[in-house]
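Read through the structure below, which is laid out as structure tokens, and then see the notes.
Within every chain, numbering begins at 1; the chains are lettered A, B, ... in the order of the sequence lines, protein sequences first and strands thereafter.
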Protein chains: 2
Amino acid sequence: MTSAQAEPPTPPWRRPRKGAPARRPLSRDLIVRTAQDILRTEGLDGVSMRRVAQELGTGPASLYAHVSDKDELLELVVDRIAGEIPLLEPDPARWQEQLKEAARAARRVWTTYSDVSRISLGSVPTGENQLRIAENHLAIMRAGGVPDQVAAWFVDRMGLYVDADAFEGSVFAARFREGWDAGEYFGQIRRYYEGLSPERFPHITSLVGELMEGEDEERFEFGLDLMVRGLASYVNG
Amino acid sequence: MTSAQAEPPTPPWRRPRKGAPARRPLSRDLIVRTAQDILRTEGLDGVSMRRVAQELGTGPASLYAHVSDKDELLELVVDRIAGEIPLLEPDPARWQEQLKEAARAARRVWTTYSDVSRISLGSVPTGENQLRIAENHLAIMRAGGVPDQVAAWFVDRMGLYVDADAFEGSVFAARFREGWDAGEYFGQIRRYYEGLSPERFPHITSLVGELMEGEDEERFEFGLDLMVRGLASYVNG
DNA sequence: CGTAGCAACGAACGCTGTTCGTCACCACTT
DNA sequence: AAGTGGTGACGAACAGCGTTCGTTGCTACG
């Protein structure tokens, strides 16, 4: 449970004046951090206004003094999480590998908070930290000699790809959180594919092994490699 | 409104016996078709069990005799929509362009039902029609000489990409459905980017034009081109 | 000392997916 | 022909959701 954090959610608060406030010191940052904790441990479905409020020992209505919307709260959570993604110092000689490493770093954080992609996918990045990451990706590509228009579009497409891959992972994570077993689930899928009619699905039935091959990271790496290879072909010729 | 279809949702029903059934002839297929209609016209948020039932002139509990879950209902809707995607006869000489055309065809249908991607993204394709499409993509690639393992993974990644792109589109579609103006929205984003600090975001601020350039299709085409170029590099060298 | 402003909050609204228990009808058996 | 079992249709309800309203009580300032 997260009650260990709920008990004293108040660090040694620096009081603005003397005299202990009888009212609970709610704040925007505290709310966002609480929502982030719930997102990490219970997924997006666990993050409700009531749940966040409960964790802070209050009611849902109290949150609306600090946050206009649930959407706004979630956007703030996303950017806070984006702050955990490390930046890279551009090295022109290694720009392709650096770009991949940047994508991996983003994926690593994004899969830690498995459902953050459900919020970020499809939303235009406007938060401080998200912009810093886009800025970093642009710097790496420009150092590598990628044309401006290509670099600009690639930032968009690579962000979409990382989001989408994490989203896919979050769907499975949700299933497994509900008690499903991973091996059993994919075993069922495999057996279902194997049992299809070879006349109507000749390629699928003959490629079951290949279709099921590879862990999450391996498939992510494959897609990433596709995109960077394609990008490189815009630079060299 | 959809009431035009709601009034006589019953085609000249072929009765199993004589004597008109006083009970309403609910059926699985009718329920799925109704949900599909609502999905197209009102988006995923409009598809609730109550809403579907209302359209059929009954209560939500009646649906559970034909469908085990809302999730199952939505999966059935997805596969029904997938049935609208045309298949291509593999031509080894044009495999790259064919693969792109197949992706475009899927995207075309997926953006018609703008929120279908919100259901399909991250779910393993098991429906009849979805499998037929995967089968078709595999056939095109194998005809082009793509190695089996690469082809198998590419089907996965390209499906993810089409889903993700449509998902992004559905997020914007939802905003505009709520009354937002497209030009005004992107204009605000542009001005926000332009107003950023050039010291902290030198690349973003100098690439605002490039970042905002291009319609949806153009960006989709760019990402598709990236992936197919990368794929081709696995075949030729 | 009085008061303006605002954070905190209890209650409520309308919505969601789903379940339970009941009713009415059809098809079949006796 | 009378009876009966099975099942689809359905009304009501439950627990949860995001959000809003109106009120309370405290803090900081005049």
Side-chain angles (χ1 to χ4, degrees), chain A residues 6 9-10 13-32 34-35 38-39 42-77 115 118-119 174-175 177-178, chain B residues 6 9-10 13-32 34-35 38-39 42-77 115 118-119 174-175 177-178:
Chain A
T10 312
W13 268 119
R14 181 166 300 278
R15 311 253 163 65
R17 286 273 179 273
K18 66 178 179 177
R23 207 64 72 86
R24 199 171 265 273
L26 221 45
S27 82
R28 190 171 159 121
D29 191 63
L30 183 59
I31 292 172
V32 174
T34 305
I38 300 174
L39 181 68
E42 302 176 33
L44 185 59
D45 291 345
V47 183
S48 68
M49 299 303 270
R50 282 175 164 80
R51 181 78 181 72
V52 172
Q54 181 196 19
E55 202 74 20
L56 294 168
T58 182
S62 305
L63 307 180
Y64 287 84
H66 304 269
V67 155
S68 72
D69 236 7
K70 189 189 184 186
D71 280 348
E72 184 184 290
L73 171 56
L74 293 179
E75 291 268 320
L76 292 170
V77 170
D115 278 351
R118 287 216 250 165
I119 312 165
R175 270 202 244 283
R177 205 180 292 126
E178 283 173 4
Chain B
T10 312
W13 267 120
R14 179 167 300 279
R15 308 254 162 65
R17 286 275 179 273
K18 64 176 180 177
R23 207 63 73 87
R24 197 172 267 273
L26 220 47
S27 83
R28 190 171 160 118
D29 192 63
L30 183 58
I31 292 171
V32 174
T34 304
I38 300 174
L39 180 69
E42 303 176 31
L44 184 60
D45 291 345
V47 183
S48 69
M49 300 304 269
R50 282 176 165 80
R51 183 77 180 72
V52 172
Q54 181 196 20
E55 203 74 19
L56 294 168
T58 182
S62 305
L63 308 179
Y64 285 84
H66 304 269
V67 154
S68 71
D69 238 6
K70 190 190 182 185
D71 280 348
E72 184 184 288
L73 171 57
L74 293 179
E75 292 268 319
L76 292 170
V77 170
D115 278 351
R118 286 217 248 167
I119 312 165
R175 269 202 245 282
R177 204 180 292 127
E178 282 173 5

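Between dA11(C), dA7(C), dG17(C), one nucleotide has an atom nearer to the side chain of H66(A) than all others, and that is dA7(C). Of the candidate nucleotides dA9(D), dT20(D), dT19(C), dA9(D) has the atom lying nearest to any side-chain atom of A65(B). Residue D69(B) places its side chain closer to dT18(C) than to any other of dT18(C), dC17(D), dC10(D).
Taking atom CZ of residue R28(A) and atom P of nucleotide dA7(C), one finds them 12 Å apart after rounding to whole Å. A straight line from CE of M49(B) to P of dG11(D) spans 16 Å, rounded to a whole angstrom. The distance between atom OH of Y64(A) and atom P of dC21(D), rounded to the nearest whole Å, is 12 Å. Summarising the geometry, the separation between CG on L63(B) and C1' on dT16(C) is reported as 14 Å, rounded to the nearest angstrom. Summarising the geometry, the separation between CZ on R51(B) and C1' on dG14(C) is reported as 16 Å, rounded to the nearest angstrom. The interatomic distance linking Q54(B) (CD) with dC10(D) (P) rounds to 14 Å, in whole Å. One can place CG of D71(A) at 7 Å from P of dT19(D), the figure rounded to the nearest angstrom. Between D45(A) atom CG and dA15(D) atom P there is a gap of 20 Å when expressed in whole angstrom units.
In this structure, T34(A) contributes its side chain and L30(A) its backbone to a donor-acceptor pair below 3.5 Å.
The shortest distance between the side-chain N/O atoms of S62(B) and the OP1/OP2 oxygens of dG8(D) is not below 4.0 Å. Using a 4.0 Å cut-off, no side-chain N or O of T58(B) falls inside it from OP1 or OP2 of dA9(D).
A salt bridge does not link E42(B) with R177(B): none of the charged nitrogens is closer than 4.0 Å to a carboxylate oxygen. A salt bridge links E72(B) and R28(B); the closest N-O separation between the charged side-chain nitrogens and carboxylate oxygens is under 4.0 Å.
By the 4.5 Å heavy-atom criterion applied to side chains, L44(A) and L74(A) are counted as neighbours.
Here the closest non-hydrogen pair linking D115(B) and D45(B) is OD2-N, 4.4 Å. Smallest separation of non-hydrogen atoms from V47(B) and K70(B): O-NZ, 3.0 Å.
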Could you go step by step and tell me if E55(A) and R50(A) meet the salt bridge (Lys or Arg N to Asp or Glu O under 4.0 Å) rule? CA-CA 9 Å; E55(A) 202 74 20; R50(A) 282 175 164 80; over 6 Å; no
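Between its opening and closing five pairs, the helix from dC1(C)-dG30(D) to dT30(C)-dA1(D) changes axis direction by 20°, a value rounded to 10 degrees.
Each of A61(A) and G46(A) lies near DNA chain D, and the nucleotide nearest G46(A) is the one positioned closer to the 5' end.
Side chain R50(A) to base dG16(D): no donor-acceptor pair is found below 3.5 Å.
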